[in-house]
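What follows is a single structure, written as structure tokens, with notes after it.
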There are 2 protein chains.
Amino acid sequence: MTKKSKHSVTIRDVAKKAGVSVATVSRYLNSNAPVSVATSKRLKKVMKDMLYVPHAAARHLASKKTRVIGLLVNNLHNDFFVPLLNGVEAVIQGRDYNFMIATYREGSRHLPPPVGPHNTDGMLLFSDGLSDEALVALNTRNYPIVLVHRTPPEFTKIPSVTVENKKITIELMEHFIKKHGKKRIIFMRGPANQEDSYWRELGYRHVLKANNIPFDEKLILNGGFDRDVAYESMNKFLSSENRVEFDAIFTGSDDAAIGVLKALQQYSIRVPEQVSVAGFDDLGFARFLNPPLTTVRAPTEAVGRIATERLFNLLEDRIEEGVVLLPTEIVIRRSCGCQFESSLDE
Amino acid sequence: MTKKSKHSVTIRDVAKKAGVSVATVSRYLNSNAPVSVATSKRLKKVMKDMLYVPHAAARHLASKKTRVIGLLVNNLHNDFFVPLLNGVEAVIQGRDYNFMIATYREGSRHLPPPVGPHNTDGMLLFSDGLSDEALVALNTRNYPIVLVHRTPPEFTKIPSVTVENKKITIELMEHFIKKHGKKRIIFMRGPANQEDSYWRELGYRHVLKANNIPFDEKLILNGGFDRDVAYESMNKFLSSENRVEFDAIFTGSDDAAIGVLKALQQYSIRVPEQVSVAGFDDLGFARFLNPPLTTVRAPTEAVGRIATERLFNLLEDRIEEGVVLLPTEIVIRRSCGCQFESSLDE
DNA sequence: GTCATGGATGTAACCGGTTACAGTAACCGG
DNA sequence: CCGGTTACTGTAACCGGTTACATCCATGAC
């Protein structure tokens, strides 16, 4: 305990040791003004010797830049986030930025969200915890945000990255109906207010109408895009006294599909012989489920990557507005009833 | 542009409007000194009216606390991280802390890791990017760290949370050998230096010796605990001109198992009829793979939770040292050859 | 009535960087 | 030889909080 053991090396210590002013050290650090070769070399050595690492908070305070971006999500209970995080990470890696993850849902404990202008330079928003008004407020304060799987509020040009939901759901439902003759298709909703779920439901309803199949509220379950929620929900449905007929299930997400398959299995309902099942996302495990899962491939890693790139564009004062809509495609495997020998579909 | 649009509300603005000093405002914010009821009420209102949010960097600079903890991982390419992140998140949620994720591997571009004493109050370390010496250095500087799936360097008491690997691998291999008569078992390594992989390999070698089965270097593949790496590796092995016999595969992780199953499938090798396969982790999808995957259940969410709790103990000056070793258990399903009718194993 | 005590508040230094402004020396063209 | 650049460096104010120290007042013990 010769000195305050906590006290770390500051820029002034470095400056003194190198015989220059703090300004020069700062300039060397940020290479935003010329520093002579001799001085640079000396500083480099001194910093290394002293194990100097600039104090982030001091830097942020003075420069008004945190070099941190935030990602706000409802929760992390989903394998879906792995590709998303990877997309984000891939872009951040290149820059000299950090990455803060926070969960936030409607009615969260803390009123101001854990990430925002006070601790990040910008954020990716994959959460319905913030109202449209809140988004507009952030936007007009010039705080960079990029929405993920969410449509920008009306009259704003907040950039957004999402995937095509409705058309592809229509295609998938048509496949159930035309190819497999299904008529009683269960639709599993995602979390309330989740937009993907909204669009998928629109597609679902559209198809029913187009095929003269009556809409039945009883066939709408809540899957929460979550294996556990979906499992509970499916279980409850199956155990219901006056359970209605059904011959197919669109689970809304691959993760939910896992829960559904588990429930069906426990009731000895065979897939696809008795009911068709389809998911959404095409997560890595989908092709290896039992049976291999028919699903919709969503380019989630690309979503993360593009959203982050767009955020960096904003941070670097380039203009970014409007929605980037990435295409999705149906991946037919066995769970819908198609009799592929094995899923050698690619 | 009446005022600098970027300029946000500061504590002085609040103080002025409320007719008190900044000190009082600060005390109200941190409730670390008495503030009269009347003043409190007034401040509450003023803050709300002005939409005041304390500037994190300023706070950190002055208080020497960032209220951020870091998680350092090699990469995020694995569903394994979902339960881990959830464990961490669950604990952080309760406190008023933030959570920074960074990837870092041996020989990363930036020498000082992206998270450390300069921008976090402590960190969870699930990465082999930092040498033992680096750990010791951090530790002696009193920077709180908790290791995850990594043994503390010798002579240190750095807390660590991990799972039992060796004994359970021995059990699993014994199952392959005793129950299914396997003798040519492929062992897939994880990433180089990954400790779980090291212990599992020790278990593997132990069992071979105990059963008088010769060790064959050709049966050691690199799976990287990653579905793509494992797939490539398996593919290469299978396509090799002088490929050796094998009758079982311990993939090292469920994620790798996916890649292995894919490769086997493409070579029309049937699991478990021709070869047994087992994974590790028991990720959510494992029971639904085709065939359902025999694996080892690791309490990954608990690892994340406990590690984070221990980190908070350190932050709050409570003593934490030594290894917490969480138990693992074998989950028998079909991929090893056991003929369960269906995987109603729970 | 006096003095000690504790509640409530204010003043100003300080945290560790950045950067506007200023200054010096070397160099260059005419 | 001189005025104007350009390269490099230094001084000190500033970013927005926290907190040590001081002050003031009301209360209660004696």
Show me the protein contacts with nucleotides 25-27 of chain D, counting only N or O atoms at under 3.5 Å.
none

Checking contacts here: which listed nucleotide (dG17(D), dG16(C), dT18(C)) is nearest the side-chain heavy atoms of S26(A)?
dT18(C)
Which of T120(B), V146(B), I92(B) passes side-chain contact (heavy atoms from CB on, under 4.5 Å) with I69(B)? Answer is I92(B)
Dump every N/O contact between nucleotides 9-13 of chain C and the protein below 3.5 Å, one line per pair.
residue, atom, partner, partner atom, Å
dT9(C), OP1, S36(B), OG, 3.0
dT9(C), OP1, T39(B), OG1, 2.4
dT9(C), OP2, S36(B), N, 2.8
dG10(C), OP2, S21(B), N, 2.5
dG10(C), OP2, S21(B), OG, 2.9
dG10(C), OP2, T24(B), OG1, 2.8
dG10(C), N7, R27(B), NH2, 2.7
dG10(C), O6, R27(B), NH1, 3.2
dG10(C), O6, R27(B), NH2, 3.4

Counting only Watson-Crick and G-U wobble pairs with both atom distances below 3.5 Å, the stems of 3 or more consecutive pairs that include DNA chain C are C:1-30 with D:1-30
Figure out the [atom1]/[atom2] separation between [X] and [N], and round it to whole Å.
{"X": "N32(B)", "N": "dA8(C)", "atom1": "CG", "atom2": "C1'", "result": "13 Å"}
{"X": "L29(B)", "N": "dT19(D)", "atom1": "CG", "atom2": "P", "result": "12 Å"}
{"X": "K64(B)", "N": "dC15(C)", "atom1": "NZ", "atom2": "C1'", "result": "5 Å"}
{"X": "H60(A)", "N": "dT18(C)", "atom1": "NE2", "atom2": "P", "result": "10 Å"}

Give every residue pair that meets the ring-ring contact (aromatic ring centres under 6.0 Å, His included) criterion with at least one member in residues 25-71 of chain A, sequence neighbours excluded.
none
Counting only heavy atoms and a strict 4.0 angstrom limit, can you tell me which residues of residues 44-54 of chain A come near DNA chain C?
Y52(A), P54(A)
For T162(B), the side chain to side chain donor-acceptor pair (under 3.5 Å) test, sequence neighbours excluded, returns none
Between CG of N193(A) and OG of S131(A), what distance do you get to the nearest 0.5 Å?
11.5 Å
